[in-house]
Peer 1: 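One structure, pasted below without further comment.
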Amino acid sequence: TYVIAEPCVDLLDKACIEECPVDCIYEGGRMLYIHPDECVDCGACEPVCPVEAIYYEDDVPEQWSAYTKANVDFFDELGSPGGASKVGKVNRDVEPALSLPPQQH
Ligand code: F3S
Ligand code: F3S
């Protein structure tokens with residue numbers, strides 16, 4: 001799977017959403033999260049993010065390693081809806097984004 005990391009927090013550019021062929025990038029309160037089971041590893045989202053927030057799971061920078069788990073934890077309550085557009089924005093986040101101070105962009 002691919003993982004969205006800290007640069008997305010409080011920016012939510014959403015260019016990535018347009019690229020995903022399986023609609024597996026879900027909007028939380030302060031960032032977006034990629035569904036680890038629904039992502040088919042096409043990689044289309046990664047180059048379009050203007051702040052390089054998206055990484056293949058094996059390439060997540062060390063300082064953002066907690067975001068790999070965040071992209072899993074976010075779906076604890078949602079399960080696998082099979083499409084982000086029908087779910088819409090979910091006004092909730094998980095750690096570490098949940099406790100992160102406001103981010104300047
Ligand atoms: Fe976030 Fe980048 Fe997508 S800022 S919403 S991961 S394009
Ligand atoms: Fe979609 Fe990106 Fe995965 S475009 S299928 S979330 S690699």
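Keep in mind that this is a model prediction, so the values were computed, not measured. Counting begins at 1 with the first residue of the sequence. When a ligand or atom number is given, it counts from 1 through the structure's own listing order.
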Peer 1: So which protein heavy atom does atom 2 (Fe) of ligand 1 come closest to, and at what separation?
Peer 2: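 Its nearest protein heavy-atom neighbour is Cys49 SG, 2.3 Å.
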
Peer 1: For residues 35-50, dump all side-chain donor-acceptor pairs below 3.5 Å to protein atoms at least two apart in sequence or in another chain.
Peer 2:
unit_1	atom_1	unit_2	atom_2	d
His35	ND1	Asp37	N	3.1
His35	ND1	Glu38	N	3.3
His35	NE2	Gly79	O	2.9
Glu38	OE1	Tyr26	OH	2.6
Glu38	OE2	Tyr26	OH	3.4
Glu38	OE2	Ser80	OG	2.6
Glu38	OE2	Gly82	N	2.7
Asp41	OD1	Thr1	N	3.1

Peer 1: I'd like to know if the side chain of Ser65 and the backbone of Glu62 have a donor-acceptor N/O pair within less than 3.5 Å.
Peer 2: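 Looks like yes, one N/O pair under 3.5 Å.
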
Peer 1: Under 4.5 Å between any side-chain heavy atoms of Met31 and Glu6, yes or no?
Peer 2: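 No, their side chains stay 4.5 Å or more apart.
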
Peer 1: Which residue holds the protein heavy atom closest to atom 5 (S) of ligand 1, what is that atom called, and what is the gap in Å?
Peer 2: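 Nearest neighbour among protein heavy atoms for atom 5 (S) of ligand 1, to 0.1 Å: Lys14 N, 3.0 Å.
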
Peer 1: Does the side-chain contact (heavy atoms from CB on, under 4.5 Å) test come out yes or no for Leu32 and Lys14, once each step is laid out?
Peer 2: CA-CA 8 Å; Leu32 273 64; Lys14 297 187 194 176; 4.3 Å; yes

Peer 1: Starting from atom 1 (Fe) of ligand 1, what is the nearest protein heavy atom, named by residue and atom, and what distance separates them?
Peer 2: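 I find the closest protein heavy atom is Cys8 SG, 2.3 Å.
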
Peer 1: For the CD atom on Glu57, are there more than 12 heavy atoms of other groups (residues, nucleotides or ligands in this structure) within a distance under 6.0 Å?
Peer 2: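 Yes.
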
Peer 1: Checking side-chain contact (heavy atoms from CB on, under 4.5 Å) between Glu27 and each of Val90, Asn91, Val87, Leu12, which is the one that passes?
Peer 2: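 Answer after filtering Val90, Asn91, Val87, Leu12: Leu12.
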
Peer 1: Are Glu95 and Lys69 close enough, and set up right, to give a salt bridge (charged side-chain N to carboxylate O under 4.0 Å, His left out), and what steps lead you there?
Peer 2: CA-CA 9 Å; Glu95 298 296 353; Lys69 186 170 183 290; over 6 Å; no

Peer 1: Can a donor-acceptor pair be found between the side chains of Tyr33 and Asp93 at a distance below 3.5 Å?
Peer 2: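 Note: Tyr33 and Asp93 side chains meet the donor-acceptor criterion.
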
Peer 1: In ligand 1, which numbered atoms sit nearer than 4.0 Å to a non-hydrogen atom of Val51?
Peer 2: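 With Val51 as reference, the close atoms of ligand 1 come out as 4 (S).
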
Peer 1: Whether the side chain of Asp10 engages the backbone of Gln103 through a donor-acceptor N/O pair (distance < 3.5 Å, no angle test) should be reported.
Peer 2: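 Checked: pair present.
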
Peer 1: Within a distance under 4.0 Å of any heavy atom of Ala15, pick out the atoms of ligand 1 and give their elements.
Peer 2: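 Listed by number with element: 7 (S).
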
Peer 1: Near Leu12, which atoms of ligand 1 are under 4.0 Å from a heavy atom of that residue?
Peer 2: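 Atoms satisfying the 4.0 Å criterion: 5 (S).
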
Peer 1: Which protein N, O or S atoms sit under 2.8 Å from atom 1 (Fe) of ligand 2?
Peer 2: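 Sorted hits: Cys20 SG.
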
Peer 1: Can you list the ligand 1 atoms lying under 4.0 Å from a non-hydrogen atom of Ile54?
Peer 2: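 Contacts of ligand 1 toward Ile54, numbered from 1: 6 (S).
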
Peer 1: In terms of atom number and element, which parts of ligand 1 are under 4.0 angstrom from non-hydrogen atoms of Leu32?
Peer 2: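 Selected atoms, number and element: 5 (S).
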
Peer 1: Using the side-chain contact (heavy atoms from CB on, under 4.5 Å) definition, which of the options Asp73, Asn71, Val72, Asp76 pairs with Val94?
Peer 2: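 Per the side-chain contact (heavy atoms from CB on, under 4.5 Å) rule, the option paired with Val94 is Asp73, out of Asp73, Asn71, Val72, Asp76.
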
